[in-house]
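Have a look at the structure below before the remarks.
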Amino acid sequence: MYELLSKRIKNADGEPEVFTYNSFPQAFRNQVFYILEDVLDPYSTYDENLWDIFEENFCREKGLKGMGYGKMQNGYGKSSIEEYFTDCDDSDFLDAIDYFFYLTDKKLRTMKPEYQYDYDADGAINDAIVELNYRFKQHNLGYEFANSQIITIDSTFLHKTAVKPALKLLFEEGFEGAEDEIRNAYERRRKGDNKNAILEAGKAFESTMKIICDKQGYAYDKNKDTAQKLITILENNGFYPSYMNAHLTSIRKTLETGLPVVRNKVAGHGQGNQIITIPDEYTDYALHLAATNILFLVRLYRNKKQNP
């Protein structure tokens with residue numbers, strides 16, 4: 001028996017978010033159907049239609065008589081699933097793609113379509129999963145397919161313990177500028193603009209310190225003082241213990257040097273600098289690092305406000 005995704009998800013109502021979890025646009029629904037077409041069509045022949053098998057299995061798990069407008073009929077699985085993707089509510093749609101990709105990942109890798117002995121099932125399925133996860137990001141949906149199931153991004157430890165609490169605390173304590181910048185950072189990351197995602201994260205870190213200075217009455221130059229200067233101002237005013245200075249400085253360096261520049265050594269392209277591609281892993285690390293330490297600074301501020 002398979003536990004459908006709607007039963008696995010635990011909602012956190014009222015929590016601020018950078019992703020969408022409960023609204024799937026029609027364009028995304030269409031794109032998921034196209035991905036399944038790439039995977040299932042090679043297996044669907046006159047004698048055995050994999051679309052029918054997928055429909056039958058899902059209806060058994062969901063307790064349905066069919067996914068289309070009537071009862072299940074042999075040979076109509078594909079059109080029934082297409083109708084379901086178009087008309088079903090968001091929770092049912094998520095259950096469907098979770099279950100279908102589970103079956104695809106777990107059951108099809110060792111199967112070959114009829115008479116296609118050289119068919120690369122592994123490659124086709126891997127491509128489908130890569131595209132599904134790309135479409136999740138494209139539409140700012142807080143999910144990914146991993147380990148044969150769809151998981152929510154906020155189920156990751158860092159997102160749950162750093163990003164969401166940071167957004168909530170920034171809002172509650174009136175740090176709107178920094179909140180907007182950290183949201184922009186995750187929006188840039190979603191669009192694949194890793195360079196500007198890190199820049200926005202750095203701005204959010206710097207804005208957090210400036211707002212603390214404003215709220216605490218610490219003197220600083222709003223136009224000239226950089227993150228390094230602001231870190232020193234906070235330390236000199238006793239905002240945090242001096243031993244934290246090196247830690248905050250290292251964060252600043254991570255965010256500021258996250259755009260490695262190398263000399264363009266390609267012959268015939270002249271001189272100059274070329275910004276290399278910034279890996280997603282590095283970008284995620286920088287964004288989570290910024291969120292974690294913004295959370296630390298704002299918690300310090302709240303504690304000082306409540307215990308003057």
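All values below were derived from every heavy atom in this structure, side-chain atoms included, with hydrogens, water molecules and symmetry-related copies excluded. In this text, all values refer to a predicted model and were calculated from it rather than measured experimentally.
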Considering only heavy atoms from C-beta outward, does the side chain of Phe145 approach that of Ile97 to under 4.5 Å?
no

Cationic tip of Lys210 within the cone over Tyr220's six-membered ring, i.e. under 6.0 Å and within 45° of the normal?
no

Any chance you could measure Asp221, atom CG, to Thr226, atom OG1, to the nearest 0.5 Å?
10.5 Å

Out of Trp51, Phe28, Phe24, which one pairs with Phe33 under the ring pair (Phe, Tyr, Trp, His ring centres under 6.0 Å) rule?
Trp51

Would you indicate whether the side-chain heavy atoms of Arg299 and Asn303 approach each other to under 4.5 Å?
no

Check whether any side-chain N or O of Tyr240 sits under 3.5 Å from a backbone N or O of Ile231 as a donor-acceptor pair, and report yes or no.
yes

Cluster overlap Leu103 with Val130, hydrophobic side-chain contacts below 4.5 Å
no

Can you find a side-chain donor-acceptor pair between Asn194 and Asp280 that sits under 3.5 Å?
yes

List the steps, then state whether side-chain contact (heavy atoms from CB on, under 4.5 Å) holds for Asn293 with Leu297.
CA-CA 6 Å; Asn293 287 278; Leu297 290 170; 5.6 Å; no

Which pair of heavy atoms, one from Ile125 and one from Thr104, lies closest together, and at what distance?
CD1-O, 3.4 Å

Going through the checks in order, is the side-chain contact (heavy atoms from CB on, under 4.5 Å) test met by Ile233 and Met209?
CA-CA 9 Å; Ile233 291 171; Met209 291 188 288; over 6 Å; no

Say whether Val32 and Tyr134 are linked into one hydrophobic cluster, either directly or through other cluster members, by side-chain heavy-atom distances under 4.5 angstrom.
no

Apply side-chain contact (heavy atoms from CB on, under 4.5 Å) to residues Tyr143 and Leu94 and explain how you reach the verdict.
CA-CA 10 Å; Tyr143 300 95; Leu94 199 55; 3.4 Å; yes

Does Asp89, at its CG atom, have more than 12 non-hydrogen atoms belonging to other residues, nucleotides or ligands within less than 6.0 Å?
yes

Nearest heavy-atom approach of Thr86 to Gln26 is O-OE1, 3.6 Å

Apply side-chain contact (heavy atoms from CB on, under 4.5 Å) to residues Thr283 and Arg188 and explain how you reach the verdict.
CA-CA 10 Å; Thr283 308; Arg188 297 282 191 174; over 6 Å; no

Hey, what do you get for CD1 (Ile53) to NZ (Lys107), rounding to the nearest 0.5 Å?
12.5 Å

Salt bridge present between Lys305 and Glu173 (N-O < 4.0 angstrom)
yes

Identify the two heavy atoms, one from Ser23 and one from Asp90, that lie closest to each other, and give their separation to 0.1 Å.
CA-OD2, 3.7 Å

May I ask you to check whether over 12 heavy atoms, not counting those of Tyr76, lie within 6.0 Å of atom OH?
no

When you check the gap from the basic side-chain N to the acidic O, do Lys78 and Glu37 get nearer than 4.0 Å?
yes

Please tell me whether Arg135 and Gln138 have a donor and an acceptor in their side chains that are separated by less than 3.5 angstrom.
yes

Between Ser148 and Tyr102, the two heavy atoms sitting closest are O-CD1, 3.5 Å

Under a 4.5 Å cut-off applied to non-hydrogen side-chain atoms, are Ile294 and Phe175 in contact?
no

Lys106, NZ atom: more than 12 neighbouring heavy atoms under 6.0 Å:
no

Flag, side chain of Asn133 to backbone of Glu144, donor-acceptor distance under 3.5 Å:
no

CZ of Arg60 to CD of Glu56: how many Å apart, nearest 0.5 Å?
6.5 Å

Inspect the contact between Glu206 and Lys203 and indicate whether a charged nitrogen and a carboxylate oxygen are less than 4.0 angstrom apart.
no

Is there a side-chain contact between Phe101 and Ile150 in this structure, where contact means two heavy atoms from C-beta onward sitting under 4.5 Å apart?
no

State, with a plain yes or no, whether a side-chain heavy atom of Leu234 is found less than 4.5 Å away from one of Gln216.
no

Between atom OG1 of Thr110 and atom CG of Asp122, what is the distance when rounded to the nearest 0.5 Å?
9.0 Å

If you take all heavy atoms of Leu170 and Ala178, which pair is closest and at what distance?
CD2-CB, 4.0 Å

Mind checking whether Tyr84 and Phe93 have ring centres under 6.0 Å apart?
no

Does Arg29 reach the side chain of Cys88, with side-chain heavy atoms less than 4.5 Å apart?
yes

Report the distance from atom CG of Leu230 to atom CD1 of Ile211, rounding to the nearest 0.5 Å.
11.0 Å

Distance check, rounded to the nearest 0.5 Å: Asp180 atom CG versus Glu200 atom CD?
8.0 Å

Should the ring pair Tyr99 and Phe58 be called parallel, tilted or perpendicular, given that the plane angle runs from 0 to 90° and is split at 30 and 60?
tilted

Can you name the closest pair of heavy atoms from Tyr43 and Leu108 and give their distance?
OH-O, 3.5 Å

Heavy-atom count check: over 12 atoms from other residues, nucleotides or ligands less than 6.0 Å from Asp118 CG?
no

